[in-house]
There are 2 protein chains.
Amino acid sequence: MTADLEESARKLLEVVPIIMQDIRSEMRRRRLLDLTVPQFRVLAFVNRNEGSSLWEVASHVGLTPPSTSRLVDGLIARGLMARNDHPADRRRVRLTVTGHGLAILEASTQGTVSYLANKLSGVDADDREAIDKAVEALRTVFATSTSVVT
Amino acid sequence: MTADLEESARKLLEVVPIIMQDIRSEMRRRRLLDLTVPQFRVLAFVNRNEGSSLWEVASHVGLTPPSTSRLVDGLIARGLMARNDHPADRRRVRLTVTGHGLAILEASTQGTVSYLANKLSGVDADDREAIDKAVEALRTVFATSTSVVT
DNA sequence: TTATATAGTTAGAACATCTAATTATTAGAA
DNA sequence: TTCTAATAATTAGATGTTCTAACTATATAA
């Protein structure tokens, strides 16, 4: 039983980096929008979580707060995000995505999604269903786990 | 129909980086073996493809040849890989994994696999099956695609 | 009110990756 | 055959990402 579990894990460990690399390459290929994967993830997270603190963002993307701070600096410098004071706690920061940031995020998402959708179009219905189900299951398993490395 | 495809792609795009980040964090956490994800992938690939050329490795991991060359330098300096002449084509290089490299690779794989297996143990049998099937399908879709970015 | 904890940034170092240029070798065409 | 073009790999230099450690500012609690 355990052997089977490990076999699943082994294959997952093989495939995930390949897909990730493919996504990364695709994002790099379309230079127009020019977002790295972490930048993209930060934008997407803050967009879904308006007013996030830096620490929340760092936790989600799995970077340290200083790294995240710099990354955010870059996005702010490009006008994609804004950093404001938190009304209740002045140590804290409220991060938001600007209109321009949202436009870039959506264009970037759409481009990458189209690319992936095109890949998935070569998969038969049965496997597609399995992929949807697997993605859902994997999300619940991994979603909560991401934390800052110390 | 296309909308559905895109929805699958969108969720894949959300989950894959999360899993990847989790794997990365886990590998970093166990410092003992001290392999980055690309280093790990190079070792694993060369182990499965004894005598690969640099270009083949670069294609697989999705790095440029110069980057791959440097990465390999590091692995060789640590005694994990060896670089030899190709008998037929002297421009080419024959990369191999040393005994020590194999030991490190296996220990690193085992550690990460155990970690992932542990995560997967929280998934019910039905979803586990979907994951296995999905991983298989995704591998065939993405396996051939990885190429050097230019 | 002082000590401690929390949120975030700055500073500096290490590393990874890229592009461009270089060297060596092979394959193909004149 | 000999010259040219293509291929394989590396070197050099620049850029960017991420880390750890130290610092500032604010909040909480003794």
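Hydrogens, waters and symmetry mates are skipped; everything else that's a heavy atom, side chains included, is used. Chain identifiers are assigned alphabetically (A, B, ...) following the order of the sequence lines, protein sequences preceding nucleic acid strands; residue numbering begins at 1 within each chain.
Remark: the backbone N or O of Arg92(B) is not paired with any side-chain donor or acceptor of Ser53(B) at under 3.5 angstrom. Proximity of a side-chain donor or acceptor of Ser69(B) to a complementary backbone N or O of Pro66(B) within less than 3.5 Å is not detected.
Ion pair Arg139(A)/Glu136(A) flagged as a salt bridge, since at least one NZ, NE, NH1 or NH2 atom sits closer than 4.0 Å to an Asp/Glu carboxylate oxygen. The pair Lys11(A)-Glu14(A) does not meet the salt-bridge criterion, since no charged nitrogen lies less than 4.0 angstrom from a carboxylate oxygen.
The interatomic distance linking Leu63(B) (CG) with dA16(C) (P) rounds to 11 Å, in whole Å. The distance between atom CG of Leu71(B) and atom P of dA9(D), rounded to the nearest whole Å, is 15 Å. When the P atom of dA14(C) is taken as reference, atom CD of Gln39(B) falls 17 Å away, rounded to whole Å. Arg24(A) places its CZ atom 10 Å from the P atom of dC18(C), with the value rounded to the nearest Å. Between Gln21(A) atom CD and dT17(C) atom C1' there is a gap of 11 Å when expressed in whole angstrom units. The CZ-P distance, from Arg90(A) to dT24(D), rounds to 18 Å in whole Å.
Neither OP1 nor OP2 of dT18(D) sits under 4.0 Å from any side-chain N or O of Thr64(A). Dashed line: the shortest gap from a side-chain N or O of Ser67(B) to OP1 or OP2 of dC18(C) is under 4.0 Å.
Position along DNA chain D of the nearest nucleotide to Pro38(A) versus Ala88(A) favours Pro38(A) as the more 5'-ward residue.
The closest side-chain heavy-atom distance from Val46(B) to Glu56(B) is not below 4.5 Å.
Each of Leu12(B), Val123(B), Leu120(B), Val135(B) was checked for a side chain to side chain contact (heavy atoms under 4.5 Å, CB included) with Leu138(A), and the lone residue meeting it is Leu120(B).
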Please encode protein proximity along nucleotides 6-13 of chain C as a string of B, S and -, counting only heavy-atom distances under 4.0 Å.
BSSBBBB-
